[in-house]
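Just so it is clear, the values below take in all heavy atoms, side chains as well, and ignore hydrogens, waters and symmetry mates.
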Amino acid sequence: MVDSLTGLQNRRACLLRGQAEFARMHRTGEQLSLMFIDLDNFKTVNDQFGHKAGDRLLRMTAAELRRVLRHSDFAVRLGGDEFATILPGTDGAGGRSLAEIVHICLNRLFEIAGFDVSASVGVATFRAVPAHFEEVLQRGDELMYEIKRAGKDGVLQRDVE
């Protein structure tokens, strides 16, 4: 349930928490957003400085997410250089605002640490409960890749019906 490198929860924990959040969403009528974060040019860190530096960067990313996110948010490392955060009770405007803060803070951290890396952040906001939480992850992933196709290093939020 816990990623051994970063100390964040892992994909399995994300799926379990997501199903619990769906139940709450169904009960309360609140919206739910998912923030999906991918580190741009991460492979170059491993190639230029070695996997030890890449691991350090992943741990730094996790620590910064813990520092910036709200107590109610649930951050996970999905694998590789991909992270996600479940944002309970968060509408599109709130999800975008938090994503912009995360984007700025991560990019500042990477610059200070001397890594030529940036973050692509996609936020999918759900007003209705999808059939499976995997759909939420898929939508967040699609948004993040849309940012990458547009040149990387940005934030994109979409409401999903």
Trainee: I need the L32 CG to D91 CG distance, nearest 0.5 Å.
Mentor: 11.5 Å

Trainee: Can you check whether F126's main-chain N or O pairs, donor with acceptor, with D159's side chain at less than 3.5 Å?
Mentor: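 Judged by distance alone, no pair lies under 3.5 Å.
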
Trainee: On a heavy-atom basis, which atom in A113 and which in M60 lie closest, and how many Å separate them?
Mentor: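 Closest pair (atom of A113, atom of M60, distance): CB-CE, 3.3 Å.
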
Trainee: Under a 4.5 Å cut-off applied to non-hydrogen side-chain atoms, are C14 and I86 in contact?
Mentor: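 When only atoms from C-beta onward are counted, I86 and C14 do touch, with a gap below 4.5 Å.
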
Trainee: Is there a path of hydrophobic side-chain contacts, each under 4.5 Å between heavy atoms of I/L/V/M/F/W/Y residues, joining V117 to F49?
Mentor: yes

Trainee: Working note: V2 + L8, criterion side-chain contact (heavy atoms from CB on, under 4.5 Å); need CA distance, chi angles, decisive distance, verdict.
Mentor: CA-CA 6 Å; V2 176; L8 291 178; over 6 Å; no

Trainee: With rounding to the nearest 0.5 Å, note down the distance linking CG in L98 to CD in Q157.
Mentor: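 These two atoms lie 12.0 Å from each other.
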
Trainee: Determine whether a donor-acceptor pair (N or O, by modelled atom type, separation under 3.5 Å) exists between the side chain of S97 and the backbone of A93.
Mentor: no

Trainee: Please tell me whether D55 and H51 have a donor and an acceptor in their side chains that are separated by less than 3.5 angstrom.
Mentor: no

Trainee: Rounded to the nearest 0.5 Å, what separates atom CD in Q9 from atom OG1 in T85?
Mentor: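 Result: 12.0 Å between the selected atoms.
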
Trainee: Can you name the nearest heavy-atom pair linking L87 to G95, along with the distance?
Mentor: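 That closest heavy-atom pairing would be CD1-CA, 4.2 Å.
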
Trainee: Can a side-chain donor-acceptor contact be found between T125 and S33 if the only test is distance below 3.5 angstrom?
Mentor: yes

Trainee: Is R70 salt-bridged to D73, going by a charged N under 4.0 Å from an acidic O?
Mentor: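 Answer for the salt bridge query: yes.
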
Trainee: side-chain contact (heavy atoms from CB on, under 4.5 Å) between N10 and V76: does it pass, once the steps are laid out?
Mentor: CA-CA 5 Å; N10 64 18; V76 301; over 6 Å; no

Trainee: Does one side chain, of D116 or N41, offer a donor that lies under 3.5 Å from an acceptor on the other?
Mentor: no

Trainee: In the structure I gave you, are the side-chain heavy atoms of L69 and F74 within less than 4.5 Å of one another anywhere?
Mentor: no

Trainee: Side-chain contact, heavy-atom cut-off 4.5 Å: D153 with N107?
Mentor: yes

Trainee: Quick one: closest heavy-atom pair of Q31 and G92, and the distance?
Mentor: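 Heavy atoms of Q31 and G92 come nearest at OE1-N, 3.9 Å.
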
Trainee: Can you check whether R67 reaches C105 side chain to side chain, under 4.5 Å on heavy atoms?
Mentor: yes

Trainee: Evaluate F42 against L57 for side-chain contact (heavy atoms from CB on, under 4.5 Å), listing each step before the verdict.
Mentor: CA-CA 9 Å; F42 176 74; L57 178 61; 3.6 Å; yes

Trainee: May I ask whether L137 and V155 are part of the same hydrophobic cluster, defined by side-chain heavy atoms of I, L, V, M, F, W, Y residues being less than 4.5 angstrom apart, directly or through others?
Mentor: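 Per the 4.5 Å side-chain linkage, L137 and V155 are not co-clustered.
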
Trainee: Restricting to non-hydrogen atoms, name the atom on V123 and the atom on L143 that form the minimum distance, rounded to 0.1 Å.
Mentor: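 In this case the closest contact between V123 and L143 is O-CD1, 3.0 Å.
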
Trainee: Do R11 and E134 meet the salt-bridge criterion of a basic N to acidic O distance under 4.0 Å?
Mentor: yes

Trainee: Do any N or O atoms from the side chain of T61 and from the backbone of R59 form a donor-acceptor pair under 3.5 angstrom?
Mentor: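 Flag not set: sc T61 to bb R59 has no pair under 3.5 Å.
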
Trainee: Taking only Lys NZ, Arg NE, NH1 and NH2, and the carboxylate oxygens of Asp or Glu, determine whether R158 and E146 approach each other closer than 4.0 Å.
Mentor: yes

Trainee: The test is side-chain contact (heavy atoms from CB on, under 4.5 Å); show your working for R96 and E100 and say whether it passes.
Mentor: CA-CA 6 Å; R96 178 169 181 78; E100 288 173 350; 3.0 Å; yes

Trainee: Nearest 0.5 Å, what's the CD1-CZ distance between I147 and F36?
Mentor: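 It comes to 10.5 Å.
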
Trainee: Let me confirm one number: the CG-CG distance from L106 to L65, rounded to the nearest 0.5 Å.
Mentor: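 L106 CG to L65 CG: 5.5 Å, rounded to 0.5 Å.
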
Trainee: What about I37 and V160, same hydrophobic cluster or not, with Ile/Leu/Val/Met/Phe/Trp/Tyr joined at side-chain heavy-atom distances under 4.5 Å?
Mentor: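 Different clusters: I37 never reaches V160 through Ile, Leu, Val, Met, Phe, Trp or Tyr contacts under 4.5 Å.
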
Trainee: Give a yes or no on whether a salt bridge exists between E111 and R108, defined as a side-chain N under 4.0 angstrom from a carboxylate O.
Mentor: no

Trainee: Please round to the nearest 0.5 Å and tell me the distance separating atom CG of L58 and atom CG of L5.
Mentor: 5.5 Å

Trainee: Is there a side-chain contact between Y145 and E142, using heavy atoms and a 4.5 Å cut-off?
Mentor: no

Trainee: Mind listing the closest non-hydrogen atom pair of R66 and T6 along with its distance?
Mentor: NH1-O, 3.3 Å

Trainee: For residues V121 and L156, determine if any side-chain heavy atom of one lies less than 4.5 Å from a side-chain heavy atom of the other.
Mentor: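 No. Closest side-chain heavy atoms not under 4.5 Å.
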
Trainee: How about CZ on R12, more than 12 heavy atoms from neighbouring residues, nucleotides or ligands closer than 6.0 Å, or not?
Mentor: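 It does not: R12 CZ has 12 such atoms or fewer within range.
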
Trainee: Thinking salt bridges, do D3 and R77 make one under a 4.0 Å N-O criterion?
Mentor: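 Between R77 and D3 there is a salt bridge, with a charged N closer than 4.0 Å to a carboxylate O.
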
Trainee: Answer with yes or no whether the hydrophobic clustering places L34 together with L39; edges join I, L, V, M, F, W, Y residues whose side-chain heavy atoms lie under 4.5 Å apart.
Mentor: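 Different clusters: L34 never reaches L39 through Ile, Leu, Val, Met, Phe, Trp or Tyr contacts under 4.5 Å.
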
Trainee: Is any side-chain heavy atom of L16 closer than 4.5 Å to a side-chain heavy atom of F133?
Mentor: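 No, side chains not in contact.
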
Trainee: Contact between P88 and E30 at the side-chain level, heavy atoms closer than 4.5 Å - yes or no?
Mentor: no

Trainee: So, for H103 and G154, which heavy atoms are closest and what is the spacing to 0.1 Å?
Mentor: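 Closest heavy-atom pair between H103 and G154: NE2-N, 3.5 Å.
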
